[in-house]
Asks: 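Quick one: structure below, then a few questions.
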2 protein chains.
Amino acid sequence: MGIQSTIEASSAKFTPAMRRVAMVIRDTPSLVLDKTIYELAATCGTSVASVVRFCQALGLSGYAQLRMSLATELGKETAQFGSNLILGAEIARSDTLQEMASKVASLEMLAIDETVSGLDYEALERVVAALDGAQRILLFGIGASQFVAQDLHHKLFRIGRNAFLLADPHEAWTAALLSPPRTVAVGFSHSGETADTVRYIEIARQAGALTIALTGSPDSALARAADECLVSRARESRLRAGAMVSRIAQLAIVDCLFLGVASQRYEQTVDALERTRDVTHPR
Amino acid sequence: MGIQSTIEASSAKFTPAMRRVAMVIRDTPSLVLDKTIYELAATCGTSVASVVRFCQALGLSGYAQLRMSLATELGKETAQFGSNLILGAEIARSDTLQEMASKVASLEMLAIDETVSGLDYEALERVVAALDGAQRILLFGIGASQFVAQDLHHKLFRIGRNAFLLADPHEAWTAALLSPPRTVAVGFSHSGETADTVRYIEIARQAGALTIALTGSPDSALARAADECLVSRARESRLRAGAMVSRIAQLAIVDCLFLGVASQRYEQTVDALERTRDVTHPR
DNA sequence: CCATCTCTGAAACAAAACTTCAGAACTTTG
DNA sequence: CAAAGTTCTGAAGTTTTGTTTCAGAGATGG
């Protein structure tokens with residue numbers, strides 16, 4: 001229950017002095033945040049004792065609690081998370097920089113939200129378990145998706161996993177073909193139709209690897225070729241080659257994978273991260 | 001901007017005692033609302049003096065202000081946006097995969113929102129103009145920030161700009177030193193204290209390049225070294241080395257830059273994108 | 001190994017919040 | 001209408017909470 005509604009509700013049983021306090025607070029609740037109890041009492045034309053009694057009448061322990069409650073409540077009211085939210089409009093050449101920024105930010109926030117709430121957590125569990133138990137992890141991605149693959153590679157490697165980013169076609173080909181037992185191969189492609197990536201996954205699967213598709217399209221060639229599929233959701237704008245939104249959605253999935261694998265051996269991981277951190281950020 | 005992002009951004013210049021305070025607050029910010037400064041100090045294993053110093057390091061007058069800021073901020077956060085929004089709690093080992101995913105997704109959405117609404121659009125305009133008019137664009141980034149630099153490189157290059165990603169230290173050094181006229185140099189570093197990156201930017205600036213910092217901390221060494229500064233806002237979780245949230249925030253800025261530059265010559269850009277697209281996605 | 005500088009917490013200090021209590025104001029009742 | 005009782009109020013005193021100072025511990029650099 002909000003404090004301000006409580007004030008309203010309790011106002012019947014207030015004494016005159018308390019009612020004056022209630023009135024001032026109703027008009028400018030922010031006064032409570034700025035002023036001390038003495039100043040507020042003066043503003044209300046009453047004494048501090050009455051202000052304290054007012055707080056207690058509301059069921060609060062005192063002025064400090066009134067402050068906290070009002071502060072959080074005012075915070076809620078001014079909440080503007082997604083103040084940039086402009087959706088349903090294409091990014092146009094006529095847009096100002098600020099409009100474009102807001103639009104792309106909105107699309108990206110939406111993509112993260114949709115991707116994460118739409119995730120198949122059972123599949124995610126299986127993939128995390130597979131990555132955790134893998135002897136070798138192969139990551140395939142081309143073009144914009146390569147950055148995503150690279151990102152996962154960096155994260156997995158940093159916590160001590162045998163992850164390989166196969167950027168070179170020859171390397172990719174041979175790595176896929178020679179998958180040792182307990183190899184997990186992950187293919188990255190937003191469209192799911194990047195021919196090379198699909199091919200690598202097919203080969204790795206034939207070679208006995210467990211294959212995973214990370215794509216924006218659950219019935220794409222890549223998704224069909226792989227054992228498991230994790231789907232990112234993104235509405236790309238026309239300036240799509242930037243692959244801005246889709247990349248963010250894919251990175252969100254990468255983060256879920258990373259957190260999953262990392263948490264399997266939490267202490268160990270945090271330790272590894274902190275030790276590597278000392279190296280990269282000496283102090 | 002948000003206190004919690006500010007804590008994150010300033011954490012580089014904290015002393016050990018202050019860092020302990022920062023950590024406790026990052027894990028459970030609501031403690032500040034419930035506990036007195038004495039109790040909090042005890043929880044952090046430090047003295048009240050250090051807590052006060054911590055507040056002042058954030059630019060606040062003291063504990064009272066920290067309380068207010070955090071209270072309003074927590075209030076804001078509980079005002080719902082996405083279906084996943086879970087904030088104010090550290091990602092813990094006990095979390096289920098789904099909880100972890102929701103938390104990181106929330107943090108990432110929040111980071112995009114805070115970053116884009118906190119952007120200095122005048123600076124952004126200037127940077128876009130500079131990038132657009134540049135003869136040569138140098139991009140410096142190390143470690144996790146290198147991926148961000150890479151991303152911008154990929155985007156700029158694809159729309160026909162002379163952008164260079166200097167990954168190798170020798171290359172970076174020489175490229176910075178030999179900046180031809182109308183060179184723009186961009187340094188990427190979330191902390192803003194990555195020594196090499198700062199150095200490259202300093203050199204490039206001395207060589208006559210226009211220098212730009214893309215960092216999470218507006219009063220970091222990198223920001224001071226550069227002519228312009230674009231600030232990303234991110235609250236990283238404890239599994240920070242993943243650099244999950246900060247990376248997303250930086251990418252959001254990269255997208256703004258890209259959209260800005262791209263829209264300067266809209267038709268040309270869309271054309272370039274579509275032609276390169278035909279090559280990468282034949283149909 | 002010493003000088004210097006930074007960081008830290010105990011203790012003194014200041015400010016704010018809370019409690020008490022005596023008297024004012026209002027109610028009730030004979 | 002006045003006396004007794006009740007409730008309400010704010011000044012002053014008390015306690016709690018927050019801030020500043022300062023001397024010593026510890027790190028840093030020569």
Side-chain angles (χ1 to χ4, degrees), chain A residues 3 7 10-25 28-72 274 277-279 281-283, chain B residues 3 7 10-25 28-73 191 193 195 219-221:
Chain A
I3 286 298
I7 293 176
S10 324
S11 67
K13 58 174 193 264
F14 286 158
T15 67
M18 281 155 85
R19 204 160 290 136
R20 263 175 289 156
V21 180
M23 223 168 241
V24 169
I25 293 180
T28 26
S30 59
L31 281 187
V32 176
L33 310 197
D34 304 333
K35 290 177 180 284
T36 70
I37 194 172
Y38 285 89
E39 295 169 329
L40 185 73
T43 313
C44 303
T46 183
S47 67
V48 288
S50 295
V51 177
V52 172
R53 279 190 286 264
F54 167 81
C55 297
Q56 291 167 344
L58 294 173
L60 302 171
S61 72
Y63 193 65
Q65 260 198 29
L66 176 71
R67 261 200 178 153
M68 297 290 89
S69 314
L70 264 176
T72 41
E274 287 182 354
R277 181 147 184 259
D278 290 343
V279 177
H281 290 79
R283 185 149 285 270
Chain B
I3 285 296
I7 293 176
S10 324
S11 66
K13 57 173 194 269
F14 286 160
T15 66
M18 281 154 85
R19 206 160 288 138
R20 281 199 299 273
V21 180
M23 222 170 238
V24 169
I25 294 181
T28 23
S30 58
L31 282 187
V32 177
L33 310 197
D34 303 334
K35 290 178 181 282
T36 69
I37 194 172
Y38 283 88
E39 294 170 327
L40 185 74
T43 313
C44 303
T46 184
S47 66
V48 289
S50 294
V51 177
V52 172
R53 278 190 286 262
F54 168 81
C55 298
Q56 292 168 343
L58 295 174
L60 302 170
S61 72
Y63 193 66
Q65 259 198 29
L66 177 71
R67 262 197 175 155
M68 297 289 87
S69 316
L70 264 176
T72 41
E73 197 163 306
S191 68
E193 303 292 345
D219 41 38
S220 60

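Letters A, B, ... mirror the listed sequences (proteins, then strands); counts begin at 1. As the structure is a computational prediction, the values presented were derived from the model and not from experiment.
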Asks: For Thr72(B) and Ala71(A), which heavy atoms make the closest approach, and how far apart are they?
Replies: CG2-O, 3.3 Å
Asks: side-chain contact (heavy atoms from CB on, under 4.5 Å), that's the test. Do Tyr63(A) and Thr36(A) meet it? Break it down for me.
Replies: CA-CA 9 Å; Tyr63(A) 193 65; Thr36(A) 70; 5.7 Å; no
Asks: Expressed as a whole number of angstroms, how long is the span from Tyr63(B):OH to dT17(D):P?
Replies: 11 Å
Asks: Can you list everything that forms a ring pair (Phe, Tyr, Trp, His ring centres under 6.0 Å) with Phe14(A)? Sequence neighbours excluded, please.
Replies: Phe54(A)
Asks: Between residues 28-37 of chain A and DNA chain D, which residues have a heavy-atom gap below 4.0 Å?
Replies: none
Asks: Please round to the nearest 0.5 Å and tell me the distance separating atom CD of Gln56(B) and atom OG of Ser61(B).
Replies: 8.0 Å
Asks: Can you tell me how far CD1 of Ile7(B) sits from CG of Leu70(B), rounded to the nearest 0.5 angstrom?
Replies: 6.0 Å
Asks: Using a heavy-atom cut-off of 4.0 Å across all strands, would you classify Arg67(B) as base, sugar-phosphate, or nothing?
Replies: sugar-phosphate
Asks: Does OP1 or OP2 of dT7(D) have a side-chain N or O of Thr15(A) closer than 4.0 Å?
Replies: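 No.
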Asks: Starting at CD of Gln65(A) and ending at C1' of dC18(C), how long is that distance when rounded to a whole Å?
Replies: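 After rounding, the reported distance stands at 14 Å.
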Asks: Tell me, which of residues 54-62 of chain B have any heavy atom that sits under 4.0 Å from an atom in DNA chain D?
Replies: Gln56(B), Gly62(B)
Asks: Could you run down the sub-3.5 Å N/O contacts of the protein with nucleotides 9-13 of chain C?
Replies:
unit_1, atom_1, unit_2, atom_2, d
dG9(C), OP2, Thr46(B), OG1, 2.6
dG9(C), OP2, Ser50(B), OG, 3.3
dG9(C), N7, Arg53(B), NH2, 3.0
dG9(C), O6, Arg53(B), NH1, 3.3

Asks: Could you pull out all donor-acceptor pairs under 3.5 Å where a side-chain atom in residues 42-53 of chain A meets a protein atom, sequence neighbours excluded?
Replies:
unit_1, atom_1, unit_2, atom_2, d
Thr43(A), OG1, Glu39(A), O, 2.7
Thr46(A), OG1, Ser50(A), OG, 3.3

Asks: Taking atom P of dT6(C) as reference, at what distance in whole Å does atom NZ of Lys13(B) sit?
Replies: 16 Å
Asks: Send over the distance from Met18(B) CE to dC7(C) P, rounded to a whole Å.
Replies: 9 Å
Asks: Can a donor-acceptor pair be found, under 3.5 Å and without considering hydrogens, that links the side chain of Glu193(B) to the backbone of Ser220(B)?
Replies: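 Not a single qualifying donor-acceptor pair exists.
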Asks: Can you measure from CG (Leu60(B)) to CE (Met68(B)) and round to the nearest 0.5 angstrom?
Replies: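 The CG atom of Leu60(B) sits 11.5 Å away from the CE atom of Met68(B).
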Asks: Do the side chains of Ile3(B) and Ile25(B) get nearer than 4.5 Å, heavy atoms only?
Replies: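 A side-chain contact is absent here, since even the closest heavy-atom pair is not under 4.5 Å.
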Asks: Rounded to the nearest 0.5 Å, how far does OG of Ser10(B) lie from CZ of Arg19(B)?
Replies: 11.5 Å
Asks: Taking atom CD1 of Ile37(A) and atom SG of Cys55(A), what is their separation to the nearest 0.5 Å?
Replies: 6.0 Å
Asks: Give the dot-bracket string for DNA chain C, reading 5' to 3', where a pair is Watson-Crick or G-U wobble with both distances under 3.5 Å, ( ) marks pairs inside the strand, [ ] marks pairs crossing earlier ones, | marks a partner on another strand, and . marks unpaired.
Replies: ||||||||||||||||||||||||||||||
Asks: What's the CE-C1' distance between Met68(B) and dT17(D), to the nearest Å?
Replies: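 About 14 Å, once rounded to whole Å.
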Asks: Of all heavy-atom pairs between Arg67(A) and Val32(A), which one has the smallest distance, and what is that distance?
Replies: NE-O, 3.0 Å
